[in-house]
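Hydrogens, waters and symmetry mates are skipped; everything else that's a heavy atom, side chains included, is used. All chains are named by letter (A, B, ...) in the order of the sequence lines, taking the proteins before the strands, and each is independently numbered beginning at 1. Just so you know, these numbers come straight off a predicted model, no measurement behind them.
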Amino acid sequence: MLAKKERLILELLVSRGAMYGLQFVERSEGALKRGTVYVTLGRMESKRLIESEQAAPEPGAIGLPRRIYRPTPLGERTLRAWTTFMRDVAWEVKP
Amino acid sequence: MRRSTDSPRAPGTMLLEIAPLLFNEAFISAVVRPTIADLQSEFAAAGPRRVKRLRARWRGYLAFWTLILVAPFASWTDDAPRAAGGRAAVVPVIVALFMIVTLGAWTAAVAAAAALVAVLIHAWYERHPCELAAPSDAVWRSPQINFSSTEVAGNIGGLIFVVGSVMIVSLGVPAIFWFLCAGTVAACFLAWGLVAWHARAEDWTCAARRPRQWL
């Protein structure tokens with residue numbers, strides 16, 4: 001079972017490549033919130049659907065480096081399987 | 001991120017310092033640090049424009065405080081007892097804040113009074129446990145006071161319950177104070193009548209009942 005937000009994150013990662021938290025918020029057009037997006041990302045990482053690494057710090061920068069997320073092969077397969085499953089279900093319930 | 005000219009520390013540094021008091025290391029690493037990194041990056045990207053910097057700060061802090069509310073429900077973290085404790089602490093805080101915002105501080109105070117009465121009743125029964133009278137026949141008729149699924153015996157504990165309930169409702173809806181007083185007096189007469197009737201009724205048997213304990 002893939003939650004709605006998890007599917008959206010995987011779709012964004014597969015279609016647009018690696019990104020960091022605020023980019024998910026901006027590109028989801030309000031579906032993901034900045035206060036909770038990292039909780040969802042953390043959960044997905046624990047399920048091995050995505051992986052992350054710290055971005056290289058910019059020269060002269062202070063503060064924490066950003067974390068960049070990308071899909072794992074398992075995440076991509078899960079998204080494909082889920083999309084196929086939903087399409088089949090939609091086809092079967094069609095009158 | 002460029003160093004700010006008017007701030008000695010990057011925004012979010014203090015939040016990062018208090019985070020270990022609130023979250024476990026897994027949660028800090030996966031959630032708190034990226035959230036603060038976003039705040040600092042957005043703050044740096046705002047440049048010298050005060051409004052944009054203030055907006056970045058506000059959004060970052062709001063995200064952090066949202067984390068405090070949602071963290072106890074993040075079930076993927078590996079600190080189950082701490083998360084359960086956090087849930088137990090967070091839920092009353094959320095309820096209290098929701099009540100203050102939506103219904104006002106007065107209603108929240110009444111709710112707090114209700115909670116206090118509940119604690120008092122519980123403490124009373126912990127110190128003075130009593131057995132409720134149970135008729136031996138199949139028909140369940142008992143003189144105890146029933147409030148939904150809460151069983152309250154007809155002793156001092158029951159009196160705390162009744163007086164507390166009346167006080168809470170009258171504090172919440174002052175207009176019905178005298179109605180409640182009259183209702184309490186009428187209820188006392190009704191209770192007295194019921195006890196007298198049960199005492200005379202033939203099907204009322206409490207063979208194993210102990211003498212009434214008022215204290």
Discussion item. Can you confirm whether more than 12 heavy atoms, excluding those of Met167(B), are under 6.0 Å from its CE atom?
Written reply: no
Worksheet item: Is Leu67(B) close to Tyr38(A) at the side-chain level, that is, under 4.5 Å between some pair of heavy atoms?
Response: no
Worksheet entry | Candidates Thr36(A), Val37(A), Val39(A) - the one meeting side chain to side chain contact (heavy atoms under 4.5 Å, CB included) with Val31(B) | Val39(A)
Practice prompt. Please report the C-alpha distance between Leu22(A) and Glu42(B) in whole Å, then the side-chain angles of each, then the deciding distance to 0.1 Å, and finally whether the side-chain contact (heavy atoms from CB on, under 4.5 Å) criterion is met.
Written response: CA-CA 9 Å; Leu22(A) 272 189; Glu42(B) 211 178 11; 4.0 Å; yes
Worksheet item: Counting heavy atoms not belonging to Arg55(B), are there more than 12 under 6.0 Å from its CZ?
Response: no
Worksheet item: Can you name the nearest heavy-atom pair linking Ala37(B) to Pro65(A), along with the distance?
Response: CB-O, 3.5 Å
Worksheet item: Among residues 70-87 of chain A, which ones touch chain B with a heavy-atom distance under 4.5 Å?
Response: none
Worksheet item: Just by modelled atom types, is the Ala30(B) backbone N or O under 3.5 Å from a matching donor or acceptor in the Glu45(A) side chain?
Response: no
Practice prompt. Look at atom CD of Glu17(B) and say whether more than 12 heavy atoms of other residues, nucleotides or ligands are closer to it than 6.0 Å.
Written response: yes
Practice prompt. Before giving the answer on side-chain contact (heavy atoms from CB on, under 4.5 Å), spell out for Arg67(A) and Arg33(B) the whole-Å C-alpha distance, their side-chain angles and the decisive distance to 0.1 Å.
Written response: CA-CA 9 Å; Arg67(A) 190 168 274 271; Arg33(B) 283 177 179 274; over 6 Å; no
Item to complete: For residues Arg66(A) and Ser41(B), determine if any side-chain heavy atom of one lies less than 4.5 Å from a side-chain heavy atom of the other.
Response: yes
Worksheet item: Got Leu64(A) and Gln40(B) here, is their nearest side-chain heavy-atom distance under 4.5 Å?
Response: yes
Worksheet item: Of the backbone (N, CA, C, O) and the side chain (C-beta and beyond), which part of Thr13(B) lies under 4.5 Å from a heavy atom of chain A, both, or neither?
Response: neither
